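Each chain gets a letter, A, B and so on, in the order the sequences are listed, and its residues count up from 1. Predicted model, so just to flag it, every value in this text is computed and none were measured.
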Amino acid sequence: MKIEDNIETFNSLIKRSGWIWGPSPEIYGGLAGFYSYGPAGMALKNNILSIFRKELRSFGFGEVECPTVMPEIVWEASGHLERFIDPILKCKKCGSVYRADKFLKDKLPDMMIDGLSFEKMEQLIKENNLMCPECESDFGKIEEYNLMLKTKVGTDSTAFLRPETATTTYLLFNRLDQVMRRQYPLKVFQFGKAYRNEISPRQGVLRMRSFDQFELQLFISKEQEMNFDEFEDVKESKLPLLDWRLQEKNIDIPKLTSLEEAIDNKILKKPAYAYCLYIGYYLIKKLGYPENVVRFRQHSPNERAHYADDAWDLEVETEQYGWVEICGIHDRTDYDLRRHGEHSGQNFEIAMGSDPKNKEIPQILEIAYGIDRIIYTLLETNFNVEDGRINMELNTFLAPNTVAVFPLVRNKEEITNLAKKINSELQDNLISSFYDESGSIGKRYRRQDELGTPFCITIDYDSLEDQEVTIRDRDSMEQDRVPISEITNIIQERLIKSKL
RNA sequence: GCACCUGUUGUAUAGUGGUAGUAUACUGGCUUCCCAAGCCCGUGACCCGGGUUCGAAUCCCGGCAGGUGCACCA
């Protein structure tokens, strides 16, 4: 098999080495938009989650988990029922499909289209004698396409699989307010599956119908948003910002801007929101993306979601799919809590400051990561081929195996026994260690390179005499001779160092 | 969802109307070796369903999936 530094090699590696498989279920031909993770991919995911959780603890976040199925009223309140339904216009003859509202906006730029009923839109099409641009035939009736997956709970109660985790977190608001003792801003996150019935999912794991989200929420007062203590600690941090005004000028190179500068120049309105950009970037930087593949891109006002006052995407540049959104940071205002207050009859007005009479519904700032997109972009941007050697240059703490242990030869029992002992000692110290004795030593090194294993330990004849082994570094392929008694310490040190 | 192209072992590919080779991976053996060595043995595939045919993986139709373009992407 030829090993080249190209995307075909990468794509087959993803399957071959057990990172990502699909579409699932593969043995039945697969269902578009659904993928599974193999052992390597799952280990990577768990390692990402583990560093996120560790970091968020130090930022003062608590974690929650909610059901993935919620009754209809929740989505009525959140606005998803209304806004996640696309009006679809289908040509009677050739079957071409258009978004009715977008189509009308395009054809009738002077009309107000937003908020029109299906009947009104159908009327407009008739009045203006609009035809299918493909084949000049008439359109059928406008149909609805719901991006939410519908299900039944019990015998006749309609429910939906959540299209985002965020909404389910908001439903816990009054509990969180109490358990977090009104120490505003409340900081909460949730990791879990969300579901969207994409019309035609493509781009593999980047647009799935069932995917993992990792969403952070800040419940905060209006006053705090503008006057936020923690902003002071981070305001000098520089982020690669591409605001929408730059994009309008067809500029696509972000400008390294300090948050303070961004506020002063009115690129960002609220210090607390700026702080969210900082957290969003901070967690991503932990994962070890290469330089210059990460940027923040601001949504233009008409690109924003129905709940958002401001929105920036954290994007990673990939070879295969261009710039990919891996995180969205939204200023959701008080929209969600106001709506859920109204629909549930709860009073979500809270005194968040020192004056108990001054009550208001908290604002929500959201940092939403797509974990699957992080996994894909990390793998693609860390994938390297040098002189025919595939090397997955994952950060040490992210690699599925932190270390692999090999006996130089496998027909010398003293050597294999010592190797097995070292392997289990590492495992006993909670280090992901993997034992391998099959094939040649070189082949074993290459296998681990493909999995991104940063360290390989080889036990040879000399080890039996001097109680030393070699540690081989994945990227430099250099070997160090170290005492067996030091191995655990050395690996642990490097593991911790990689997390800082 | 539409149009075009595509679908052969785990991966990458060759191929013909008479059921398949190659590379690599994998299992076992020899070799005992520090960067994909060699030799031997072995396992393993024609996406699914229907049709045409004496006979289909090959031709036709439908489905499913992937790629590209259009549309869609909170």
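Rounding to whole angstrom units, CD of residue A/Gln203 and P of B/C70 are separated by 12 Å. Distance, A/Trp323 CH2 to B/C73 P: 23 Å, rounded to whole Å. In this structure, the CD1 atom of A/Ile27 is 23 Å from the P atom of B/G7, given to the nearest Å. For A/Gln448 and B/C34, the CD to P distance is 19 Å, given to the nearest whole Å. The distance from atom CD1 of A/Ile441 to atom P of B/C33 is 12 Å, rounded to the nearest whole Å. Rounded to whole Å, the distance from OH on A/Tyr28 to P on B/C48 is 13 Å. For the pair A/His299 NE2 and B/C73 P, the interatomic distance rounds to 13 Å; values are reported in whole Å. Rounded to an integer number of Å, the gap from CG of A/Asp436 to C1' of B/A25 is 13 Å.
The pairing partner recorded for B/A36 is none, the criterion being a Watson-Crick or G-U wobble arrangement whose two distances lie under 3.5 angstrom. Pair assignment for B/G49 gives B/C61, based on Watson-Crick or G-U wobble hydrogen-bonding distances that are each under 3.5 Å. Applying the Watson-Crick and G-U wobble criteria (two distances, each under 3.5 Å), B/C2 pairs with B/G69. Using N1 to N3 plus N6-O4 or O6-N4 for Watson-Crick, or N1-O2 and O6-N3 for G-U wobble, each under 3.5 Å, B/G55 pairs with nothing. When both distances must be under 3.5 Å, the Watson-Crick or G-U wobble mate of B/G10 is B/U24.
Using a 4.0 Å heavy-atom cutoff across all strands shown, A/Tyr461 reaches sugar-phosphate atoms only and no base atom. Residue-level contact check: A/Leu147 touches neither bases nor backbone, having no heavy atom under 4.0 Å from any strand. Heavy atoms of A/Glu164 sit nowhere under 4.0 angstrom from any nucleic acid atom. Residue contacts shown for A/Pro163 are absent, as no nucleic acid heavy atom lies under 4.0 Å away. Across all strands, A/Arg472 comes closer than 4.0 Å to base atoms (heavy-atom distances). Nucleic acid contact class of A/Asp449 (heavy atoms, under 4.0 Å, all strands): none.
Under the 4.5 Å side-chain criterion, counting only non-hydrogen atoms from C-beta, A/Thr158 is in contact with A/Lys150.
For B/A71, neither phosphate oxygen OP1 nor OP2 lies less than 4.0 angstrom from any side-chain nitrogen or oxygen of A/Arg202. Within the structure, a side-chain polar atom (N or O) of A/Arg446 is placed less than 4.0 Å from OP1 or OP2 of B/A36. The phosphate of B/A37 (OP1 or OP2) has a side-chain N or O of A/Ser440 nearer than 4.0 angstrom.
The nearest pair of heavy atoms linking A/Arg209 to A/Ile199 is NH2-O, 3.5 Å.
Between the side chain of A/Ser424 and the backbone N or O of A/Lys420 there is at least one donor-acceptor pair closer than 3.5 Å.
Spacing of C1' atoms, B/G49 relative to B/G7, comes out at 16 Å, to the nearest Å. Distance noted for atom C1' between B/U43 and B/A56: 27 Å (whole Å). For the C1' atoms, the distance linking B/U58 with B/C72 amounts to 37 Å, nearest Å. Comparing the C1' positions of B/G44 and B/U22 gives a spacing of 15 Å, expressed to the nearest Å. Taking the P atom of each, B/A36 and B/U24 are spaced 14 Å apart, rounded to whole Å. Nucleotides B/G38 and B/U32 have their C1' atoms positioned 13 Å apart, rounded to a whole Å. B/G15 and B/C46 have their C1' atoms separated by 11 Å, given to the nearest Å. Comparing B/U16 with B/C33, their C1' atoms sit 44 Å apart, to the nearest whole Å.
Checking A/Asp252, A/Asp313, A/Leu314 one by one against A/Arg295, the side-chain contact (heavy atoms from CB on, under 4.5 Å) holds for a single residue, A/Asp252. Checking each of A/Arg444, A/Gln448, A/Arg447 against A/Asp436 for a side chain to side chain donor-acceptor pair (under 3.5 Å) leaves exactly one that passes, namely A/Arg447.
When only modelled atom types and interatomic distance are considered, A/Asn146 and A/Asn197 share no side-chain donor-acceptor pair under 3.5 Å.
Of the listed nucleotides (B/A36, B/C35, B/A65), B/C35 has the atom at the smallest distance from the side chain of A/Gln479. Among the nucleotides B/U27, B/A71, B/A65, the one closest to any side-chain atom of A/Ser200 is B/A71. With B/U11, B/C35, B/A36 as the choices, the nucleotide that has an atom nearest any side-chain atom of A/Lys443 turns out to be B/A36.
For A/Tyr321 and A/Tyr376, the distance between ring centers is under 6.0 angstrom. The ring of A/Phe406 has its center closer than 6.0 angstrom to the ring center of A/Tyr445.
Residue order along RNA chain B, read from the 5' end via each residue's closest nucleotide, puts A/Arg410 first among A/Arg209 and A/Arg410. Positionally, the nearest nucleotide of RNA chain B for A/Asn411 lies more toward the 5' end than for the other of A/Met477 and A/Asn411.
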